[in-house]
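Lettering follows sequence order; numbering is per chain, from 1.
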Amino acid sequence: MTELAKHYDHRAAQARCRALWDSLRAWHAEPLPPGSGDGRIFSIVIPPPNVTGALHVGHALNNTLQDILVRARRMQGYRTLWMPGTDHAGIATQAVVERRILEEEKKSRHDLGREALVARIWAWKEQYEERILEQLRDLGASCDWDRLRFTLDDQCAGAVREAFLRLFKRGLVRRGKRLVNWDTFLQTAVSDDEVFHEETKGHFWHIRYDVIDPKPGEPASVTVATTRPETLLGDTAVAVHPDPAAALDAADRDLREKRAAASSKDQPTIDAAIDDLAGRRRDLLPLLKTLAAMAKDGRQVRLPLLARPIHLVADEWAKPEMGSGCVKITPAHDPNDYDVGLRQSLPMLNILNPDGTLNAAAGPYAGLTMKKAREKVVADLEAAGQLVQVEDRLIDLAHSDRSKTPIEPYLADQWFIRMGELAQPAIDAVMSGRIRIVPERYAKGYVDWLSEKRDWPVSRQLWWGHRIPIWHVSGVTEADLVAAFTGHDTISWQPDGSDGFFVCSSDETLPVEGIANKDLVRDSDVLDTWFSSALWPHSTLGWPAATPELACFYPTSTLVTSRDILTLWVARMVIMGLFDTGEIPFREVSIHPKILDRYGETMSKSKGNGVDPVDVVEALGADALRFALAGMATETQDVRMPVDFQCPSCGHLIEQTTQNRTKPRLDCPKCGTAFRTQWAKTEVDLALPRGPAVSEKFEAGRNFSNKLWNATRFVLMHFDEADSATARGGLLAAGDPFAAAPMEDRWLASRLASVARAASSAIDEYRYAELARVLYGFAWDEYCSAYLELCKSRLADPAHRDRARSMLLLGLDTILRLLHPIMPFVTEEIWQQLGAVAGNRRMPWDDPDSPLPESIMTARWPEPPEAWLDTKTERQFGTFLAVVAAIREIRSRQNVPPRQKVPAAIRAPSDMADLLEPMRQAIESMAVVELATIRPDAVGAPGAATASVAGCEVFVDLADLVDVDAEIARLEKDYAKTEGFVKAKKAKLANETFTSRAPEAVVAAERVQLVELEDRLAKGQESLAAFRARKAQAAS
RNA sequence: GGGCAGCUAGCUCAGUUGGUUAGAGCGCCACGUUCACACCGUGGAGGUCACAGGUUCGAGUCCUGUGCUGCCCACCA
């Protein structure tokens, strides 16, 4: 037969498999024709990767898990669709492209203009999308490649406009001023989710505001404190608590309650706080009461530097237990102050230009950046004598996740989606179990987040994205609109609150450019990128059109994602899915862990601690990558993956540390070769050979692929050209193969049945790691190490050869099919090899009337019959393996050369002897012994080494080979161990409460064990005595 | 501040409803390459299951508390 190479060649195999799958379009799914009944449907939409860059190992995990589910279901006969696509990722992509253009061409987006920038981003998208798709296919992802979607393509855009119009018509879209996190670099608002906080050293400035025309008994000034003194330019009030006495009482009560519940360690801290409150009551309360009265009286204070009079207001936001008890109010630049501003009807004074400089409202400070303004404001305050005190303090400064620059809170016009009535159905869907989140604990975060029902701000001041489908027109009447748009049900409008209207349409453009000589001006903002993502499950299937795809594959079956976008994305998909279609978008959500580095930090490009999946695929194969990732996908929230640099010259591994992981070049400490890392930028560094970041975790998968490959080589070795086609193909056809079969065959069948069941249920329950572990253990330890070894002698015997061959094929074929979802390439490659030799073979679960499929991808998932399960045989086989292991241990201890056959005997109770007798040859070959007898009265040669296992006594006659001291040491150790167990058991059984309260079965089992242990102890003592005597004899 | 996880072998992780002597992979030690595979085989060493209490005949597993680590949410004039 064909000679197979000694090592599995993953590169060649991957290329061949891809070509095969593509030519068969085995990944393609057609919807059921309408009205043709239900059928078994399985569908997944891919969490669309951002087109910002290449995929990392986290994506590899996410997509591996999806592919496992998809491939398994496809084999199980489901009509299976995996919808692929990518995400335009608004702000992230625009930021990347803008930064690159700035770096390379020194141009800003304003230099380019909207149209040109968007064109550049499209070009970027084409390039990276292609790369991402190539990576997915390298990984083996069996997406339906005929159905590729992009969140910004025409189909998705149509769905976005339609969904937005429907929300608009229902009154769920509102316009409002809102404080946004303003990114002065990108000149856009970013969501709270795109902001990170960083502690920086700062100051706490105490500033005096003078009271205007103080009356007798009133203070001349109030002091407020701030970490951002420049914002005082936008102050429109100073607040004091309306009832400071009551507020202090409440604070005191809270602290005392807390103290009662606190540990003794924390109590002093709380006591100090209570003391502080008492001090405030004494020193500060009279002043605060006066100020509160003044505030109610409408009194004003003078804003330092600008000399603008501003109101003193009474508002509960000012906490008398903190600071001076008074607080400056800057409604346009602080979220809490904004709320105060709304409550107190204060002016909202915006002092910021979009580029981060101060505007005209800042008077003499106009044109300065916030940073410069701060310096000047502080200096001027000091000069004016208004600065009371400066403290050092650590402050949490908000930064934009995208540009890494500080955020300025900024008041801007925004569109919002009202969440009040939208959130509840999404909460209910999870609470009622219609959507199941696995692991369940993540449901809590989902429900809590949705329960706040906070309106969703959807405007982004960006150019890359879905332009908000709203036009504004002013100076017209409703009658004008009716006249212009009657008959267009794709258009809706609402008044803008003054003399105009907002017009929303699901069409790309409006039929007219103006109304009554007034221009219709389109909103320049785009939608939050999550808006189009929220529609992903139904928009990709054709919604709003009633497509056969939508009818067949929606709701989708499972969503596979990681926990960090459970709210951002998952919750919003449920909301929008329910709103648009009335149906949930998916039935189950499988949450998988995040991959962290050696130090427990998330992997990211900016940290440079990531592994490039392409490196792994190239070096070890996609299957190796997939196997390792599946093995890491446990129920835990995170898994660590230690990463090393590999020397490209000698292969030496250099541990990645916090020190070296962002170095552009490294020198191998072993061979001295200099190599570059992913950080290389300079031409000198780039000329060096690349040293990939690797993890040893993936080698297990590569080794496993090779193990399977070699098991196949062994099996195929025993088929040859002389075999007739029937002999090669029909081996498994003949009736019930196991009724009168030898024990090892019944054992294999039973194990196959158990393992197939375990695999199926692991997939049903999203236990990916267990799936990988069970199949690895079975294939390696049971099929290869045990069964295949046993077959070696049978294959040499013409009487048993055909049965052994067919059983080997049965086992191998089943393993391949079960493993295919995890390791598609190696299993396909082997399947093709088997096909060349035994293409007519049939598994009992195959359709007897049609030929085997050309690809394992569409082969039937193994479903061994219940009758194959045979726990008794599995137990007996375990005894046999234990006997072999015991002999091997003796040999190893005694340093018997591995190939040297030694005489042995087994003393076994008669039932056990009957069982072991048929396995005599197997024991002899696996343990390399010459078995004299297996009988209840067997005895070993004088001085034979012994071991007691599973109620049997094994004698290995080592004659002169025996190392008496080694044997005594081994026996003593074993004796001591056994003695300990016996003691513990006896104590347990002597315990009256145990025997009376524990279940009968448990007690009985303990008794049986005690008997066995005591027997083993007696035998051990016997052997020990013999060897001690022998030693004494030798000494004399 | 509120919430959710995690802490088991040198490393990365399993360990179902409490019930024999707590497992795997990698790494380590010893031995071994004609006979599928050195990307291998055989054997071995290595654990006070973070700590302290409690429930129970019995706790890695359940409860309470403590410590450390990570994440999410909120807030910090």
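- Residue A/Glu889 has its side chain nearest to B/rG43 when only B/rU42, B/rC11, B/rG43 are considered.
- Among the heavy atoms of the strands lying under 4.0 Å from A/Val1002 is at least one base atom, whether or not backbone atoms are also near.
- The base of B/rU20 is not paired with the side chain of A/Glu1006 by any donor and acceptor separated by under 3.5 Å.
- Between the side chains of A/Asp315 and A/His241, no donor-acceptor pair is found at a separation under 3.5 Å.
- Atom CD of A/Glu696 is separated from atom C1' of B/rU12 by 8 Å (rounded to the nearest Å).
- Checked against a 6.0 Å centroid threshold, the rings of A/Phe627 and A/Tyr776 count as neighbours.
- Residue A/Thr227 is classed as a sugar-phosphate contact, given heavy-atom separations below 4.0 Å to backbone atoms only.
- Note: CZ (A/Arg563) to P (B/rC72) measures 7 Å, nearest angstrom.
- Distance from the side chain of A/Cys784 is smallest to B/rA36 among B/rU69, B/rA36, B/rU20.
- Rounded to a whole angstrom, the distance from the P atom of B/rG6 to that of B/rG53 is 23 Å.
- Side-chain N/O atoms of A/Arg702 and base N/O atoms of B/rC39 include a donor-acceptor pair closer than 3.5 Å.
- Under 4.0 angstrom from either OP1 or OP2 of B/rC39 there lies no side-chain N or O belonging to A/Trp780.
- When the nucleotides B/rC11, B/rA14, B/rA36 are ranked by their closest atom to the side chain of A/Arg773, B/rA14 comes out on top.
- Taking a cutoff of 4.0 Å between a charged side-chain nitrogen and a carboxylate oxygen, A/Glu1006 and A/Lys985 qualify as a salt bridge.
- Applying the Watson-Crick and G-U wobble criteria (two distances, each under 3.5 Å), B/rA36 pairs with nothing in any strand.
- Residue A/Phe627 contributes atom CZ, which lies 13 Å from atom C1' of B/rA14 at whole-angstrom precision.
- Rounded to a whole angstrom, the distance from the P atom of B/rG25 to that of B/rG19 is 23 Å.
- Between A/Asp638 and A/Lys594, no side-chain nitrogen of the basic residue sits less than 4.0 Å from a carboxylate oxygen of the acidic one, so the salt-bridge criterion is not met.
- Applying the 4.0 Å criterion to OP1 and OP2 of B/rC75, one finds that A/Asn336 has every side-chain N and O outside that range.
- The pair A/Arg343-A/Asp339 does not meet the salt-bridge criterion, since no charged nitrogen lies less than 4.0 angstrom from a carboxylate oxygen.
- Nearest nucleotide to the A/Val639 side chain, out of B/rU42, B/rC37, B/rC13: B/rC13.
- Per the stacking criterion (ring centres < 5.5 Å, plane angle < 30°), A/His7 does not stack onto the base of B/rC37.
- Nucleotides B/rC75 and B/rA9 are separated by 40 Å at their P atoms, to the nearest Å.
- B/rG46 sits 38 Å from B/rG3 when the C1' atoms are compared, rounded to a whole Å.
- Here A/Ser892 does not reach the OP1 or OP2 of B/rG44: none of its side-chain N or O atoms lies under 4.0 Å away.
- Using a 4.0 Å cut-off, no side-chain N or O of A/Lys444 falls inside it from OP1 or OP2 of B/rC72.
- Across all strands shown, A/Arg1016 has heavy atoms under 4.0 Å from base atoms, whether or not it also approaches the sugar-phosphate.
- Within the 4.0 angstrom heavy-atom criterion, base atoms lie near A/Lys319.
- On the P atoms, B/rU16 is 12 Å away from B/rC7, given to the nearest whole Å.
- B/rU12 is paired with B/rA24 under the Watson-Crick or G-U wobble criterion, all donor-acceptor distances under 3.5 Å.
- Counting non-hydrogen atoms of neighbouring residues, nucleotides and ligands closer than 6.0 angstrom, the CD atom of A/Glu391 exceeds 12 such neighbours.
- Computed from coordinates, the A/Glu770 CD to B/rG15 P distance equals 8 Å when rounded to whole Å.
- Within 4.0 Å of A/Ala700, counting heavy atoms only, lie sugar-phosphate atoms of the nucleic acid but no base atom.
- One atom, CZ of A/Phe704, and another, C1' of B/rA24, lie 13 Å apart when rounded to the nearest Å.
- Counting only N and O atoms by type, the side chains of A/Lys328 and A/Thr330 include a donor and acceptor under 3.5 Å apart.
- Between A/Lys697 and B/rC13 there is no side-chain polar atom (N or O) within less than 4.0 angstrom of OP1 or OP2.
- Distance from the side chain of A/Phe994 is smallest for B/rG19 among the nucleotides B/rC4, B/rG19, B/rC13.
- Side-chain atoms of A/Thr636 lie closest to B/rG6 of the nucleotides B/rG6, B/rC73, B/rC37.
- Nucleotides B/rG44 and B/rC71 have their C1' atoms positioned 41 Å apart, rounded to a whole Å.
- Within 4.0 Å of A/Glu789, counting heavy atoms only, lies at least one base atom of the nucleic acid.
- At whole-Å resolution of the value, NE2 in A/His592 and C1' in B/rA5 are 17 Å apart.
- Regarding A/Lys594, its NZ atom lies at a distance of 18 Å from the P atom of B/rA5, rounded to whole Å.
- Base-pair partner of B/rU66: B/rA50 (Watson-Crick or G-U wobble, both distances under 3.5 Å).
- Distances from the side chain of A/Leu788 to the nucleotides B/rC40, B/rC4, B/rA36 place B/rA36 closest.
- A/Val1003 comes within contact range of no nucleotide atom at all, as no heavy-atom separation falls under 4.0 Å.
- For the pair A/Lys707 and B/rG41, the criterion of a side-chain N or O lying under 4.0 Å from OP1 or OP2 is met.
- With both ends at atom C1', the span from B/rG58 to B/rU66 equals 26 Å, rounded to whole Å.
- The distance between atom CD of A/Gln1009 and atom P of B/rU21, rounded to the nearest whole Å, is 7 Å.
- Closest to the side chain of A/Trp317, from the set B/rC75, B/rA14, B/rU69, is B/rC75.
- For the pair A/Met717 and A/Ala885, both in contact range of RNA chain B, the more 5′-proximal nearest nucleotide belongs to A/Met717.
- Between A/Glu321 and A/Lys319 there is no salt bridge, since none of the side-chain N atoms of the basic residue sits less than 4.0 Å from a carboxylate O of the acidic one.
- For the pair A/Glu452 and A/Glu321, both in contact range of RNA chain B, the more 5′-proximal nearest nucleotide belongs to A/Glu452.
- Pair check for B/rG58 finds none; no Watson-Crick or G-U wobble contact set falls under 3.5 Å.
- Across every strand in view, B/rC71 sits in a pair with B/rG3 that passes the Watson-Crick or G-U test at under 3.5 angstrom.
- For B/rC63 and B/rG18, the C1' atoms lie 13 Å apart once the distance is rounded to whole Å.
- Of the N and O atoms on the side chains of A/Asn710 and A/Tyr8, not one donor lies less than 3.5 Å from an acceptor on the other residue.
- Side-chain proximity of A/Asn706 to the nucleotides B/rA36, B/rC39, B/rC13 is greatest for B/rC39.
- Considering only side-chain N and O atoms, A/Arg454 lies under 4.0 angstrom from the phosphate OP1 or OP2 of B/rA74.
- Candidate nucleotides B/rC39, B/rC35, B/rG43 were compared by shortest atom distance to the side chain of A/Arg899, and B/rC35 ranks first.
- In this structure, A/Arg713 and A/Leu4 approach most closely via the heavy-atom pair NH1-O, 3.2 Å.
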